[in-house]
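Owing to the predicted nature of the structure, the values given are computational and were not obtained by experimental measurement.
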Amino acid sequence: MKASIPMIILTIFFCSLHHPSLSLSPPMLNNSTDRDALLSFKSSITDDPNGILNTWSLNTSFCNWNGVLCNPKKLRVTGLALGNLSLSGTISPHLTNLSFLRVLDLQNNSFSGSLPREIGRLFRLETLIVASNSIHGTIPSSLRYCFKLRVIDLSENRIEGTIPPELGELSKLEDLSFAKNNLTGTIPSSLGNISSLNNLILMSNNLHGLIPPELGRLHLLLQLHLADNNITGQIPTSLYNISSLIIVSLAKNRISDRLPSDLFTKLPRLGTLFVGGNLLEGPIPASLSNASNLERLDLSVNRFTGGIPLLQNLPNIEILNLEINELVSDDEHGLEFIGSLANSTLLQVFSVATNQLTGRLPASIGNLSRQLSLLVMAENHFEGNIPAEIGNLGSLSLLALESNSFTGRIPSTIANLKNLQRLSLFLNHLSGPIPESLGNLTKLFELDLNTNNFSGRIPSSLSNCQSLQYLDLSLNRLDQEIPKEIFAFPSLGTLLNLSSNYLTGSLPTEIGNLKMVQAIDISKNNLSGTIPPTIGDCSNLLYLDLSRNSFQGSIPDSLAKLKGIEYIDLSSNSLSGTIPSSLESLKFLQLLNLSVNQLQGEVPNKGIFLNSTIVSLDKNKKLCGGVPKLGLPHCAATKRHSNRSKMRWIIGVLVGSVALFVLLSLIVFLFFYWRAKSKSNAKNTEDSSIKNPNRLLYSYYDLRAATDNFNSKNLIGEGSFGSVFRGVARDGTVVAIKVFNMDQHGASKSFLAECEALRNIRHRNLVKIITACSTSEFKALVLQFMPNGSLENWLYNTSNVASAMEYLHHECETAVVHCDLKPSNVLLNEDMTAHVCDFGLARMLHLNSSDNHTNSTLGLKGSIGYIAPEYGLGGGVSTKGDVYSYGILLLEMFTGKRPTNEVFRDGLNLKKWTELAFPDRVMEILDDNLVEDDCEMWKKDCVVSVIKIGLLCTNETPEERPSMRDVSAMIKRVRHIIH
């Protein structure tokens with residue numbers, strides 16, 4: 001041991017000679033140096049909500065400070081354990097003066113900035129864990145000098161750049177994780193030199209290229225995680241040399257060719273193999289049947305063909321996912337693979353959905369594991385009856401057999417599945433009555449039986465399913481009256497669809513009990529009687545379709561209580577009486593279809609009735625009045641009123657020419673204002689109108705189909721918490737689908753925040769949310785598609801942004817602070833009209849908040865350069881923070897300079913740089929791309945006015961900034977001058 005000490009000293013001396021940035025401090029480092037380094041680290045902490053660092057005081061020894069570990073003899077810091085404490089700030093480079101540090105654990109905090117490049121000084125460091133923070137920058141190559149490192153975990157950050165090949169020199173490294181970052185480049189072959197490596201985790205980055213064959217040298221490797229990258233090529237056979245491998249995850253890449261036939265033989269300890277979402281083809285290797293240690297296998301979303309081999313020797317298998325391939329059952333084994341799994345008593349998840357399997361399900365399906373929770377066999381060509389033996393699978397929570405050709409009745413034994421939460425049998429040929437015994441499934445929250453041949457009465461026993469959130473019995477042959485009991489679902493929050501049946505009688509008044517439901521469709525039945533006024537109690541309703549029935553009586557005034565309603569279709573009934581003027585107040589309505597009824601009287605002419613593209617009144621012969629575009633005859637009373645108005649106008653003319661001039665000016669102004677507003681509303685409505693009930697409700701399978709299985713060719717944007725894809729919905733509508741990465745820390749909170757914000761706000765310049773798809777493992781938003789991308793690309797049309805922000809701050813019932821306003825969060829439609837999007841960080845300011853302000857800053861994350869100064873100092877969220885971000889956005893658009901431009905350093909920022917040229921030299925800083933020769937738009941006075949607004953918005957203190965209402969007014973004045 002003594003002989004090695006001179007070598008260590010020589011190594012350190014060599015490093016200091018050849019790497020000045022890593023040169024060690026003078027040899028007098030002592031425990032006072034450790035104290036100063038810790039205090040410097042504390043000074044870089046901007047938020048300590050739990051007061052952990054309160055003990056870091058000169059009044060006590062630093063060895064007694066929270067999170068500090070010391071050598072008891074030398075009183076030197078050996079460890080810093082500050083994980084999971086919600087700390088915010090940066091990592092001070094002075095931390096690298098802790099020359100005895102062996103453990104640095106800062107995981108699951110909110111540290112930002114980059115890792116200090118001086119980290120190579122910590123040559124005693126053994127454990128480095130900074131996972132789940134917001135660290136950016138690159139991986140310091142100086143880590144090569146921390147030659148005692150055993151653990152490096154920098155996962156779940158925002159680190160960019162490539163993986164330094166120098167890390168291959170860390171000969172003692174056992175665990176290396178860079179998962180869930182933004183790394184690019186290839187996997188360095190030098191990593192194959194780390195013979196001690198047990199775990200290599202590089203998943204969820206942007207790595208590309210081949211899997212280096214040199215990784216086959218890692219004879220001690222237990223886990224290899226490379227999923228969710230852009231890796232191409234084949235699975236190298238050199239991996240066969242790693243007989244110790246237990247977990248291999250290569251999912252969501254572009255790996256092609258066949259799965260090696262001897263893979264499961266060569267890797268006998270393999271317990272997990274995830275290769276889903278690649279380009280693998282050919283048959284599933286028969287050697288799979290002998291992988292006795294296999295616990296989890298995912299081959300989904302590939303191009304596997306042929307039959308499924310017998311699987312009788314998988315005693316430990318828990319997850320078996322073969323869905324979305326081209327597998328068939330016309331080989332010699334047919335569907336025998338189902339029965340061969342009888343010995344797999346630990347099986348919990350089994351999916352063969354979306355393949356080409358045919359034939360009748362065997363009774364042996366009832367011999368599957370009693371622990372089976374998810375059984376998914378949808379989108380195949382199965383036929384015949386659903387086996388009664390399926391009732392033996394008492395642990396099932398999901399049974400998905402939709403989109404097949406099953407016939408016969410629902411077996412009564414399904415009532416034995418007491419844990420069932422989702423039953424999906426739609427798009428089959430099932431017949432007979434819906435069993436009353438389904439009422440025994442008290443945990444059921446989704447029941448979808450649409451598009452079958454069910455007949456008879458809707459079972460009233462379904463009222464026992466008190467957790468039911470989604471009920472779709474449409475497109476069947478159900479008849480008789482609707483039992484009032486089925487309206488007793490307190491949790492029904494998504495859909496009640498009974499359309500396209502033969503239901504008779506009246507609509508029960510108990511429908512008003514559905515306080516949470518978002519969509520009700522009872523169209524295309526034989527219902528009669530009046531529409532119950534209690535329907536106005538469905539306070540969360542967005543979609544209502546009662547068309548093509550025989551409803552009589554008047555339209556209930558209570559519909560006006562549905563403040564958020566977007567779609568009402570009462571067409572093709574026998575409704576009479578007048579149209580309630582109270583419907584004028586439904587400001588979010590995008591379609592009101594009252595055509596083919598017996599309505600009469602004058603049509604309202606305010607609110608939504610000003611827009612003829614929203615309202616459909618065809619074939620109501622006794623209606624009159626309304627806006628001219630409706631093409632209805634004048635009402636007699638209206639004519640008399642018009643005559644009286646004309647007489648008063650003539651008298652007004654006689655009074656004096658001044659009054660006439662004022663009146664004409666007012667008429668001209670209102671005419672052009674109304675026409676512009678009408679065109680804007682019409683276009684907005686056309687973009688987002690809902691043409692059918694399915695438009696509101698999408699499942700995971702719908703979104704997967706709409707995006708071609710979330711294909712990268714449809715990727716239109718990525719953010720901190722997920723990706724946005726272009727998709728084509730079932731009705732042909734082009735939509736944007738924002739898929740949240742549920743493995744990303746904070747993604748679920750971001751999803752809930754965006755839903756909370758968008759369900760409370762509507763505005764023509766806010767991106768419209770069409771619906772949300774939410775399960776425990778998958779969350780997505782379906783949004784209005786903006787074909788012209790983001791303002792970051794176009795830098796155009798700011799007035800719409802100001803209007804949208806004015807609405808959020810001043811016109812919402814509860815004020816909304818966006819918290820992340822920047823060019824990439826402003827999208828443009830086909831007319832280049834701006835729409836504000838991405839409410840993942842939004843905050844609702846409730847009425848008890850004073851001055852539109854709240855101190856709730858926990859977890860606040862904006863974008864560097866756009867965040868208001870007070871946020872960085874711990875100030876609370878306020879509307880004035882959005883004003884600051886808007887000001888930066890405005891200055892950026894007119895100068896062409898990002899706030900993070902490299903020219904801004906040493907205290908100079910975008911605001912100060914602009915002020916230096918304002919107002920005399922303002923044209924010199926204008927973006928050249930926005931200026932055209934002889935363009936009147938860019939007269940200096942107009943530019944000065946816009947830049948002045950930006951400078952006002954970016955005042956250092958919130959009190960000095962204008963409100964968004966004032967900003968919007970100023971922008972509109974400048975726009976009028978330009979035009």
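Judged by distance alone, the side chain of S369 and the main-chain N or O of L347 form a donor-acceptor pair under 3.5 Å. With hydrogens and angles disregarded, a donor-acceptor distance shorter than 3.5 Å links the side chain of N229 to the backbone of A227. Within the 3.5 Å criterion, the main-chain N or O of F111 finds a donor-acceptor partner in the side chain of N133.
By the 6.0 Å contact criterion, NE2 on H136 is enclosed, its count of non-hydrogen atoms from other residues, nucleotides or ligands being greater than 12. Heavy atoms of other residues, nucleotides or ligands lying less than 6.0 angstrom from CZ of R124 number more than 12.
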Step-by-step side chain to side chain contact (heavy atoms under 4.5 Å, CB included) determination, I231 to N278: CA-CA 10 Å; I231 296 171; N278 280 285; over 6 Å; no

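Looking at E174 and R150, a side-chain N of the basic residue comes within less than 4.0 Å of a carboxylate O on the acidic one, giving a salt bridge. Under a 4.0 Å N-O distance rule, the pair E318/R296 does not qualify as a salt bridge.
Here the two rings, on F710 and F725, have centers that are under 6.0 Å apart.
Side-chain contact check for E160 and N182: no donor-acceptor pair (N or O, by modelled atom type) lies under 3.5 Å. Judged by distance alone, the side chains of S373 and S397 do bring a donor and an acceptor atom under 3.5 Å apart.
The aromatic rings of F350 and F337 stand perpendicular to each other, their planes meeting at an angle above 60°, with 30° marking the opposite boundary.
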